[in-house]
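Below is one structure, written out as structure tokens; comments come after it.
Note that ligands are numbered from 1 as they come in the structure, with each ligand's atoms numbered from 1 the same way. Side chains are part of it too, since the values below use all heavy atoms of this structure and drop only hydrogens, waters and symmetry mates.
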Amino acid sequence: MPYVLGLRCRECAREYEIAPIFTCEWCFGPLEVAYDYEAISGAISREKIAAGPASIWRYSDLLPVERNPAVDLGAGFTPLVRADRLASELGLGEVWIKNDTLNPTNSFKDRVTSVALSKALEFGFKTAACASTGNLANSVAAHAAHAGLRSFVFIPANLEQGKIITTAVYGGNVVAIDGNYDDVNRLCAELAGMYPWAFVNVNVRTFYAEGSRTLAFETAEQLGWETPDHVVVPVASGSLLTKIRKGFGELHTVGLLDEEPKVRVSGAQALGCSPVAAAWLNDTENIKPVKPSTIAKSLAIGNPADGYFALDAVRQTGGGFAAVTDEEIVDGMRLLARTEGIFAETAGGVTIATLRRLADQGVVRPDERVVAYITGHGLKTLDAVADQVGPTATIPASLDAFHAAFDPSTFDQ
Ligand SMILES: *Cc1c(COP(=O)(O)O)cnc(C)c1O
Ligand SMILES: [Zn+2]
């Protein structure tokens with residue numbers, strides 16, 4: 001790994017060797033991978049990236065993994081779709097959807113899992129594990145199966161049926177816990193101290209988190225090596241938002257962007273689990289843990305590990321936050337489907353509903369180039385819309401019945 005210097009504490013900057021560790025012994029701050037950006041600048045180029053695979057691994061010079069081949073199901077390089085119909089509904093100008101529903105297990109979590117499990121193999125782990133709000137469970141189970149690793153994934157028992165099936169099908173161990181995500185996470189922290197397992201969001205979280213930066217790298221590349229003016233990002237632990245912001249800056253540091261990016265970053269949460277949005281709205285640094293109650297289960301982390309960093313990123317870049325109701329979430333899912341043909345899960349509904357709120361408030365402006373991150377597929381959370389959509393008409397198989405149901409004078413001739 002020529003381009004990684006080691007690990008560095010995000011609080012006190014103390015340095016550590018590369019290892020499956022995640023907190024500073026000195027101050028208990030979270031650790032982060034430190035890169036040799038000068039060496040990366042010398043090695044990386046737009047042409048080299050363009051010649052790479054159509055996956056996150058086209059940015060391998062910027063990822064903390066030396067294993068080749070990596071644990072790879074093809075995560076990343078998902079479409080960036082211009083969304084003019086959505087933009088006009090929202091009174092905005094240039095809007096793009098980063099469609100991360102089209103990953104191998106249909107959520108952005110494949111990016112972080114692919115990096116974390118590649119690193120886990122390097123470290124010699126034989127078992128992969130995670131605490132999950134649903135999508136990480138899908139992704140870890142699939143990537144572990146592909147890599148021949150044993151797996152234990154821990155989920156809240158009240159998860160959507162769709163997410164349990166799409167995890168269990170891969171044949172690993174799925175452990176449903178009688179409790180919410182924060183309970184699951186607490187158990188996993190104990191287990192991680194006991195067994196030599198790669199918990200992707202505990203002891204290898206430092207590496208896991210780095211995978212999210214590829215969403216910024218791809219967005220810039222797909223915009224012709226330019227950056228958006230404003231991005232809207234869903235927030236669970238706050239890691240994704242923090243790392244997207246970091247990724248744009250790194251592209252400039254290594255010489256891939258001509259100008260220093262000025263990307264405003266806004267965060268999206270569901271009202272039923274909005275500890276970070278609440279801190280922003282109340283203008284405080286103090287993030288109060290909550291007990292989640294929302295249909296956006298993939299974002300239902302009541303005590304977000306990176307909440308403070310996400311809050312700081314939104315403040316520093318002049319973005320905003322919204323906390324949207326379950327009703328707005330479903331409306332957001334349906335709006336995106338109706339205007340752009342993209343079916344997102346509830347987290348995508350949170351993002352679109354937040355975009356709508358921030359547009360109404362003038363926080364996201366019509367003169368901005370906006371990217372909304374759609375991070376999970378609608379087939380995972382069918383229940384959210386099941387009682388709202390169905391056949392337009394149910395009729396006998398006759399022309400008369402069809403013409404009785406639909407006025408032919410309105411048809412194209
Ligand atoms: C996990 C997840 C997120 C955000 O995750 P962070 O914990 O904030 O990094 C966003 N959308 C979906 C669909 C997710 O599964
Ligand atoms: Zn420290």
Donor-acceptor contact present, side-chain K119 to main-chain A19, <3.5 Å: no
Within-cut-off N or O pair, T133 and ligand 1, under 3.5 Å: no
Sum of protein N, O or S atoms, each under 2.8 Å from the Zn ion (ligand 2): 4
Ligand 1 versus N135: contacting region, heavy-atom distance under 4.0 Å: side chain
K246 to F248, cation-pi by 6.0 Å centre distance and 45° axis angle: no
F199 six-ring centre to R205 NZ/CZ under 6.0 Å and within 45° of normal: no
Residue, atom name and distance, where the atom is the protein heavy atom closest to atom 1 (C) of ligand 1: K109 NZ, 1.3 Å
P234 N/O under 3.5 Å from ligand 1 N/O: no
Check against ring-ring contact (aromatic ring centres under 6.0 Å, His included), Y35 and Y3: CA-CA 6 Å; Y35 297 93; Y3 309 134; 9.1 Å; no
Heavy-atom nearest neighbour in the protein, as seen from atom 9 (O) of ligand 1, with distance rounded to 0.1 Å: L240 N, 2.8 Å
Atom 12 (C) of ligand 1: nearest protein contact (heavy atom, Å): T375 OG1, 3.3 Å
Proximity flag F108 to ligand 1, non-hydrogen atoms under 4.0 Å: yes
Residue and atom name of the nearest protein heavy atom (relative to atom 7 (O) of ligand 1), distance in Å to one decimal: S237 OG, 2.6 Å
Side-chain donor/acceptor of S274 to backbone N/O of L271, under 3.5 Å: yes
Min heavy-atom dist S107 to ligand 1 below 4.0 Å: no
Side chain, backbone, both or neither: the part of L299 lying under 4.0 Å from ligand 1 by heavy atom: side chain
Short side-chain to backbone donor-acceptor contact, N282 and A279, under 3.5 Å: no
Y373 six-ring centre to K98 NZ/CZ under 6.0 Å and within 45° of normal: no
Test: R58 cationic atom under 6.0 Å from F77 six-membered ring centre, within 45° of axis: yes
Contact (N/O only, under 3.5 Å) between A236 and ligand 1: yes
Distance-only N or O hit between ligand 1 and I301, under 3.5 Å: no
